[in-house]
Every structure is written in C-alpha cells, then in structure tokens.
Amino acid sequence: MKKNGLFGKSLSHSISPDIHRYIYNLINYDATYELIEFEENKLKENIDNIRSKEINVNITIPYKEKVIPFLDEIDDVAKKIGAVNTILSKNNVLKGYNTDYYGIHETLKQYDISGKIFLVLGFGGAAKTIIQYLVDNNAKKVYIASRTPEKYKSSFKKYTNINYNEYKHKFVKKHEAYSYEKSLNSAKTFIEFISYNKLDNICGFAIINATPVGMFPNIDGCPVCENIISNFKLAFDLIYAPNETKFLKLAKSLNLITINGLKMLIFQAIKAIEIWTNKEIDDNQKNKIFLFFETKKNSISTYTLDNPVNEELKIKKIQNSASNMIDIQNDKPVDNKLVDIDKLENKLKLRNEPIYIIGLPGAGKTTLGKALSEKLGYEFVDLDAYIESKSNMKISEIFLQGEDIFREVEKKALFEVSKKRNTIIATGGGIVTLPENRIFLSDKPNIIYVDRDCINILSDVNLQNRPLLKDNPNKIFEIFNKRKDYYNSLCTYYVKNDSSLEELVENTLKILKDKY
Ligand code: NAP
C-alpha cells in the first residue's frame, strides 16, 4: 500500500484526508493519507524520511517555500511561483509541484481574465499563486493590498521594470529557478501594491481574499468593508471553512458573484493524486468528486469548524484519517461503500432537480432529452420550443432583434423552467455564453454534456434553422472552440454522441442508472 501525507505545522483543521480517502476509493488507488505535523526544525528530518520511504506529500503553511531547497527537481509552474505544495518521491528523487495553481485554474477558468482588473488581498503563498495565474492569463492590472505595501513598493516598480530584489525568493542556486518576480517581469500585467486605507476608489472585475481573515475560528473577521467590495463584480475567498465567510456574505448581499475556496482545494488534491499515480482522473470522476464535497459543504464547515462542540469529533477524525474516512454527518467510519452513499445522495437530488442537457447545436440534445424523458417518466422541455410558445415568435425572429436580446429572453426562460421538478431540459447550444447562465448552472447537480464532433454535425444536421450557422455552417468549429471549456466545466455527466442515437440513449442511461 502506497503512503502519502500532508506536511504542515498546524493541521487539526485539515479536511484533506477526507478528500484523499474519497478519491482513492473512487479510483481504486491503494494508498493511505496521513497528517504529518511538525515544527520547522524538523523539516529536514521529515524530508529525509519521505525520500527514504518513498512517501509522497502535500505541503501546507508554513513550508511551501521552505521545502524548496531540499528538493532535487521542481516543475515549471512551481518554479514560476516559488512555492511547492506537492512532492513526488520516487527512486530517491524528490520533485516539487504547485497544484494550487491548477485548483485556481479550475475555479476561475469559466471567467475571462484577460484585460480585467483585480484586487488581491494579502501577499502570502496563496496570493502569489493567484497573482501568477492572473498574470499568465493577461489580467490588465492586479492591485495587491498589503498591510505593509512599502516593503514591496520601493523595489517593485511597474510591470515593465520590476526589480523586486527585496522580495527575492531564497531559491537554491542549483535549480536556477526563474522565480516569481522574474516571470512577472516579462508579463504585461500592471502590478501595484497598495495599502488598505487607499482601496476606496479601486474598482474592477474581482476582489480576491488571500488572507486568513474570516477563517475559523475568527469567523467574524472581514478583510475589507462593504464599500470596497461593492466596487467589484465577483468575490473569491480562498477560505473554504466556513463555507461562506463574512466577506462572501457581504459580497452576496451586494449581488456579487461569490466563490469560496472549496473547488480550489478539491482540484489541487485531484492534481496531486494524478501526479503521484501518473494517471489522469477522467472528467466524469472529477465532477463526481467535486459534487460529492460540494453537496457536503455545509456539513464540512459545520463539522470541521463552526461548531465548537465538534472539537472532540474533529480530533477523532484526525486520528482516523489515515485509516478510515468519517461520515461527516453521522460520525461513523465510512467503509468502502462510499459509492452507495453517493448513489443515495444523487438519487434524492435527481428526484428534485431538473436534468439539463447542454452541447452544440445538432449534438442530439433534443432527441436524447425526449428519449430519456420517456424512459424516466420525466417531463421534457425543449428550451427553444418553450421560448417560441411563450413569445409567439420563432427563434430566428427573436434573433433578428439581436443576439443580446435573444440571450436575455433565453436566460429568463431557463430560470423559469428550472423551477419545474422531474424535468429534462434540452438547452440551446449558446446557453453557456452568458456568464449569468453559467453561474446559475454551475451548482446544478444534473447536467449532461452531449459531445458530438463538429464534422458529424455538419454532415448529418440541417443547420438552416440555426441563426448563428445558417449562413456559414463551418462557423461551428469556431463556436465549439469558444464553448467547449464551458460545456466541460459545467457538466456533471459527459456522453459522446459518435454512433447511433440508440447508443447515445443507452450510454446515457447507463451513466444515470448508477445514480438511481
Ligand atoms: P500566508 O502565507 O500566511 O499569507 C497570508 C497573507 O495574508 C499574509 O502574507 C499577509 O499579507 C496577509 N495577512 C495575514 N494575516 C492578516 C491579517 N490579520 N490581516 C490582514 N492581512 C493578513 O497564508 P497563505 O498560504 O497565503 O493562505 C492564505 C489564505 O488562503 C488562508 O486562509 C488559507 O487557508 C487559504 N488557502 C486556501 C487554499 C485552497 O485550496 N482553498 C489553498 C491555499 C491557501 P500582508 O502581510 O502583505 O498584509
């Protein structure tokens, strides 16, 4: 049995063992995951230990930068950031990775970063990872709020001339790591350090809390006031416990899009496991993992942190973590019947929530939806047909007024039909183009993505009644490239339509059958 673990100084709050245990069960990976807590003077000793015993580890506060000098190799992303959160120990070689970066990518990939303005609160390890991600994705400007901006300001000039020596990472020379500041140096993003009392007039796309303020047990803390939050459209808090920090509560009350740190946490774990096993976890499984913890998010924060009476339970959990995952709600060890629990949860969810079908025009959404509704006894709604009957107009006629107008009508229709229960909704191919729709769909448990090759759509489907394609059917390739990431990231089930419709229906039913 393979041994993996987590290095850190204070790990009692960690839910990583639960996440790893769940994933190991799902992918049949025979391994344990232990919390390995120690003081800084024991870092070298522990590194020697994982080297000799080939134990893979994740790294958390305060060792993400401190472990670097002990490593033999470091991958490019971790090099750029100057922080490592995952070590692969193999054949006496220790290689460092930064999978937090991947977690951030998975969390933010549905948003267009390019050309936008961001405010990042704090300048610790997590902030550096997110800033690197924003720079790599061509953010226009990143403000970094720090309690001591002058520490960085004097040497950290405009993006064109970053000379950031004061903050040089203590990389060992043998890696010749081109460190965080060097990689930012070549970037086009404007970086500015700013103090908290100068934030009033800063506005932009997203405000990101990368400080521990608001984290358990100090859940009443909020890094900035309402006025500052209201200058942004999206608030991302890297904290995952509590599930909704005071910062996110305020942002929600101001109608911002809000995101917590759970997705980042889950996806950094997924990536670490992919590195350790040298195998990709497929998208269906990734969605399933996220969905499992997403549906538990309230109990995660209640159980782990919010409720002091759970302190004893928390300790039990840690003692058990390496050998047995605890059922978060019932304080019972979960055996290998995790899939059954999952089934049960999804069964309940499926009964209540609509099943959405997304994919390109001509992918087979309507045909699949009708067939499924017959088999499952669900009502079927074709969103385009619903819009036509409500508006007494053809889709092509509404489109004549402009795509923006159509998208608004479509959004309203989506929200309306989503109130129905036991319903299968075949959406229009462009439903994912509107950010509000993506946000709305992002927490829906039942979304089937029907993936069909453009070339097959072109050869089989009459696209003359599709407003965006009727004049130039080949535009479908361009449309696919723009939308494919959205389809993939939103779906909870993926089916490929590459043979007969009978097979498509059969395959989808097989996937859903598990859930029933
Ligand atoms: P860190 O290295 O300790 O840095 C946090 C930064 O926040 C500090 O550098 C500091 O910046 C600022 N800060 C600290 N205490 C503060 C206070 N009382 N008031 C205002 N600012 C303060 O921690 P980190 O590793 O970057 O983690 C930051 C947060 O992200 C934590 O809550 C952590 O749990 C979370 N995180 C989440 C994930 C995930 O997967 N979801 C992953 C990593 C981290 P200045 O001194 O410049 O002000």
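One-based numbering, in listed order, for ligands and for the atoms of each. These numbers come from a predicted model, not from an experiment.
For the residue pair Asn85 / Tyr101, no side-chain donor-acceptor distance below 3.5 Å is found, with atom types taken as modelled. Counted by atom type alone, Asn58 and Tyr33 present one or more donor-acceptor pairs between their side chains at under 3.5 Å.
At the shortest separation from atom 19 (N) of ligand 1 among protein heavy atoms lies Val213 CG2, 3.3 Å. The nearest heavy-atom contact from the protein to atom 27 (O) of ligand 1 is Ala126 CB, 3.8 Å. The protein non-hydrogen atom at the shortest distance from atom 38 (C) of ligand 1 is Met264 CE, 3.8 Å. Residue, atom and distance of the protein heavy atom nearest to atom 29 (C) of ligand 1 are Thr211 O, 3.7 Å.
Checking atom 3 (O) of ligand 1 against the protein gives no heavy-atom contact under 4.0 Å.
Remark: distances from the non-hydrogen atoms of Pro223 to ligand 1 are all 4.0 Å or more. At least one heavy atom of Ala210 sits under 4.0 Å from some atom of ligand 1.
Distances between N or O atoms of Ser146 and those of ligand 1 include at least one value under 3.5 Å. Taking any N or O of Gly125, backbone or side chain, at least one lies under 3.5 Å from an N or O belonging to ligand 1.
Separation of the Tyr493 and Tyr449 ring centroids does not fall under the 6.0 Å cut-off. Phe7 and Phe38 have their aromatic ring centers within a separation under 6.0 angstrom. Ring centroid separation for the pair Phe293 and Tyr22 comes in under the 6.0 Å cut-off. Close placement of the Phe123 and Phe193 rings is indicated, their centers lying within 6.0 Å of each other.
Using a cut-off of 4.0 Å between Lys/Arg side-chain N and Asp/Glu carboxylate O, Lys484 and Asp451 are scored as not salt-bridged.
Residue contacts with ligand 1 for Ile61 involve side-chain atoms from C-beta outward but no N, CA, C or O (heavy atoms, distance under 4.0 Å). By the criterion of a heavy-atom distance under 4.0 Å, both the backbone and the side chain of Leu265 are placed next to ligand 1.
The option with the heavy atom closest to atom 35 (C) of ligand 1, from among Leu238, Asp237, Val120, Leu262, is Leu238. The heavy atom nearest to atom 9 (O) of ligand 1, out of those in Pro212, Ser195, Gly124, is found in Gly124. Proximity annotation for atom 46 (O) of ligand 1: of Arg147, Glu65, Lys64, Arg147 comes nearest, heavy atoms only.
Nearest heavy-atom pair across Ala139 and Val142 is CB-CG2, 4.2 Å. Residues Thr258 and Ala251 come closest through the heavy atom pair CG2-CB, 3.7 Å.
Remark: of the listed residues Asn137, Thr129, Asp136, Asn137 is the sole one forming a side-chain contact (heavy atoms from CB on, under 4.5 Å) with Tyr133.
Of all atoms in ligand 1, listed by their number and element, those nearer than 4.0 Å to a heavy atom of Phe123 are 6 (C), 9 (O), 11 (O), 47 (O). Which parts of ligand 1 touch Met215 is read off a 4.0 Å heavy-atom cut-off, strictly below it: atoms 32 (O), 34 (O). Which parts of ligand 1 touch Gly261 is read off a 4.0 Å heavy-atom cut-off, strictly below it: atoms 39 (C), 41 (N). Taking every non-hydrogen atom of Ile239 and a distance limit under 4.0 Å, the qualifying atoms of ligand 1 come out as 32 (O).
Within 6.0 Å of atom NZ in Lys109, more than 12 heavy atoms from other residues, nucleotides or ligands are found, so the atom counts as buried in its surroundings.
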